[in-house]
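Here is the structure we will look at, set down as structure tokens.
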Amino acid sequence: MNVLFPPPSFPVLRERFYPRARQTVPAAREFVRSVVRDWVPAARLDDVLVCVSELTTNAVRHGVPPGRGYRIRICRFPDGLLRIEVHDSGDGFTLPPVAAPAGDADEESGRGLLIVDALADKWGVGERLPGKVVWCEFVTGVSGAGRGGRGGG
């Protein structure tokens, strides 16, 4: 007998902590991939992973003080909304400007939040003590119905 569990009435949550190191960005991206691969339509998975790369890179480069780390939190809500949060203990609670960097158009940095703004359905910055949470959301259209509210991680 197959029993389909109803989707949870609360968000499904997964999280992981990483030290401040550039080498953790691919690991964070792979963690998110392993969790959300069944939650996100294939057409949106790359968008999610690019945003994870941008937000974790920003945390490592600008948000995490030496000797500290950052946390990735993944929330999936019953309606299918996916929220990725990157928590760090650095300064900068104010919403940074989203604009192309002045200067050389071939620069390799300074466009991360522009990319997040273009790919995510919504994004923002929230306060935490100490530090901030930078988040992005994706409307996936995939609810937890028939999946038992479970995923990887």
Rounding to 0.5 Å, atoms NZ (K132) and OG (S89) come to a distance of 8.0 Å
key: Check: V32 and I74 side chains under 4.5 Å, non-hydrogen atoms   = yes
Applying ring pair (Phe, Tyr, Trp, His ring centres under 6.0 Å) to Y70 and not counting sequence neighbours gives Y18
Determine, using the 4.5 Å side-chain heavy-atom cutoff (strictly less than), whether L13 and F77 are members of one ILVMFWY cluster.
no
Are T24 and P19 side-chain neighbours, meaning at least one heavy-atom pair lies under 4.5 Å?
-> yes
Tested for side chain to side chain contact (heavy atoms under 4.5 Å, CB included) against W39, the lone hit among T140, V48, V12 is V12
Show your working on side-chain contact (heavy atoms from CB on, under 4.5 Å) between F138 and D47 and close with a plain yes or no. CA-CA 9 Å; F138 299 85; D47 294 348; 4.2 Å; yes
Result for side chain to side chain contact (heavy atoms under 4.5 Å, CB included) between V52 and one of T56, V50, L55 points to T56
query = Do R73 and H87 have side-chain heavy atoms sitting under 4.5 Å apart?
reply = yes
*Backbone N/O of A59 and side chain of D88: donor-acceptor pair under 3.5 Å*: no
Do R20 side-chain atoms and G69 backbone N/O form a donor-acceptor pair below 3.5 Å? no
CG of D46 to SG of C51, rounded to nearest 0.5 Å, is 11.0 Å
In this structure, CD of E15 is separated from CD of E85 (nearest 0.5 Å) by 9.0 Å
To the nearest 0.5 Å, atom CG of D117 lies from atom NZ of K122 at 13.0 Å
Residue set satisfying salt bridge (charged side-chain N to carboxylate O under 4.0 Å, His left out) with E137, at least two apart, ordered chain then number -> R83
> Do V86 and F17 belong to the same hydrophobic cluster, where Ile, Leu, Val, Met, Phe, Trp and Tyr are linked whenever their side-chain heavy atoms lie under 4.5 Å apart, directly or via other members?
Replying inline: no
For P130 and R68, the nearest pair of non-hydrogen atoms, with its separation, is CG-NH1, 4.4 Å
Side-chain heavy-atom pair L82, C75 within 4.5 angstrom cut-off: no
Donor-acceptor contact present, side-chain R44 to main-chain L119, <3.5 Å: yes
TODO: Taking the side chain as every heavy atom from C-beta outward, state whether V35 and R33 have any atom pair closer than 4.5 Å.
DONE: no
